[in-house]
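To start, the structure under review is shown below, and the notes come after it.
By convention here, the first residue in the shown sequence is residue 1. Just so you know, ligand 1 is whichever comes first in the structure, and atom 1 is the first atom listed for that ligand.
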Amino acid sequence: MIKFPFYNRTQFFGFSLLLSLVFSCTPQKTQTGLVGEKAMVVSAHPLASEVGKEILLQGGNAVDAAIAVHMALAVVYPQAGNLGGGGFMVIREKNGAVHSLDYREKAPLGASRDMYLDEEGNPQPEISQNGHLASGVPGSVDGMVKAHEKFGTLPWSKLINPAILLAEEGYKLTNVEANFLSETSIKLKKYSSIDPIHFTAKEFKKGDVLVQKELAQTLKLIRDNGREGFYSGEVADYLVAEMKRGGGLINHEDLENYESKWREPLTGNYKDYKVITMGPPSGGGIILLQMLGILENHSISKDKYSNYLHLKTEMERRIYADRAEYMADADFYPVPVEQLVADKYLKERFQNFNPEKATPSNEIKAGDIPLESEETTHFSIVDEEGNAVSSTTTLNGNMGSKVLVAGAGFILNNEMDDFSIKPGFPNMFGVLGGEANKVEPKKRMLSSMSPTILEKNGSLYMVVGTPGGSTIPTSVFQVIVNVIEFDMGMHQSVNEKRFHSQWKPDWISYEKGYSDKAILKELGAKGHELNERNAIGKVDAILKREDGTLEAGADSRGMDTAAGY
Ligand code: GLY
């Protein structure tokens, strides 16, 4: 039997019990997050954060911890943690060297531009969002292997074992998790070719232990065989058989050919800060640099908060219009990154900004935007040496395509819906997609994920990122602005209510519970339509404070938790 390296069974379940107690209490509102003297992990699940912390305590570096956290999330956070999805990782080494890893999914070889249109040319979002045709070729396992090859210090097996134990022995569900699984596992039954009964046979309740034996076996094959354990052999056979039964496209050739890529991170400056973020195939980093670039030419203050929100919205309108026209996988489409973030361009783009009045989005000319579903997950890690990892990974929608690969126990992404399934046609969220991001074989679909690291005066300053589909870059922007311009700590900055706008629909979304009616009234007076909505993003971030300690910002919108020392 594999031994969970950190807990014996009793300790492990004791820990889970403690967690369920913690989560059944009303959280205490504090203005400061967990502070660590040396190292910190912040992720969407307490067990995954604990796994990361233990890897750091065993002498692993931030990348080792990131791999272990990624694998643990694939078990304990099935809505977005994954083996069957993809993502991006931004790394800053203690010596200041920066790297970014693109393990985004790719369209299968059999994919084509019109694959989601019916005979009359009408888009069929049901099949781009659910079921076997919705999946891109998964990138996560190759990405983790590549990250380990370049930066890993602990043996690969040590990083996978905690996830194996969590899958094999199970973990106790909180009330929120139990309800979530009961509601969404019905969809797994509907879309998987063979009913995954460990998810679907019953209604879950708090305290139930979720065991995932097939997933444990897949993780063992990955532990023992690395990349080959997933992209060939038994697991690949299971995946291809699942595709055949369900009418999907991914075949052995797609799996064998999949490759994640080291890419130059996208970098820019905001005042004294250097911003290190993700470039194409994510549009998120470009959007973030554009917003910070425009902000640098304006002054804002917390006292005039509605002016700041108006300014932010006006940027978002213009920038999200650019996103549709110009952003896509740069391996397939010449994304004009330099031009889009150039100071001169941003000044011109913002020339018609009126500080008193909203510009109707219809007056903003550019292409159209695709909006992604919002279930993704982000984690931030800083190790004792000062190496930092900012990593965002996704299945796209909640439980991705809702297809669980029979025999292999993992859920597949529905990332194909991040392509424009028909250029110019609104997707399921009512927004439009552009030509640059059309479906093409082997192409990566446009993303908004924005794992980001900031330096101040050449030293590590902040590690930040979030899920949230098209709201990702604007959430990262707000958290950065809260810290730098509004003097908030990391915890407070992450837990402030957020706003989002994206050109179309032509409104400002604000989170339920935002209580300053005067600010909303002021925005209304400038001509903005307002739209109350549920949570925007779940930011997990770390701030290096002046005294060298690390303050965690774990988003209380979810179960997000910091573990540090
Ligand atoms: N699927 C979410 C994103 O990539 O932006």
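Look at Glu415 and you'll find a heavy atom under 4.0 Å from some atom of ligand 1.
At a heavy-atom cutoff of 4.0 Å, ligand 1 is contacted by the side chain of Arg104 but not by its backbone.
In this view, Ser380 and His378 satisfy the side-chain hydrogen bond (donor to acceptor under 3.5 Å, both in side chains) rule, not counting sequence neighbours. Among residues two or more places apart in sequence or in another chain, the side chain to side chain contact (heavy atoms under 4.5 Å, CB included) test is passed with Ala563 by Ser49, Glu50, Lys53.
Checking Asn414, Thr394, Asp418 against atom 1 (N) of ligand 1, the nearest heavy atom belongs to Asp418.
The atoms of ligand 1 that sit less than 4.0 Å from any heavy atom of Met449 are 3 (C), 4 (O), 5 (O).
Salt-bridge formation is not detected for the pair Glu415/Arg444: no Lys NZ or Arg NE/NH1/NH2 atom is positioned less than 4.0 Å from an Asp or Glu carboxylate oxygen.
At a cut-off of 3.5 Å, with distance as the only test, no side-chain donor of Thr313 or Ser501 sits close to an acceptor on the other residue.
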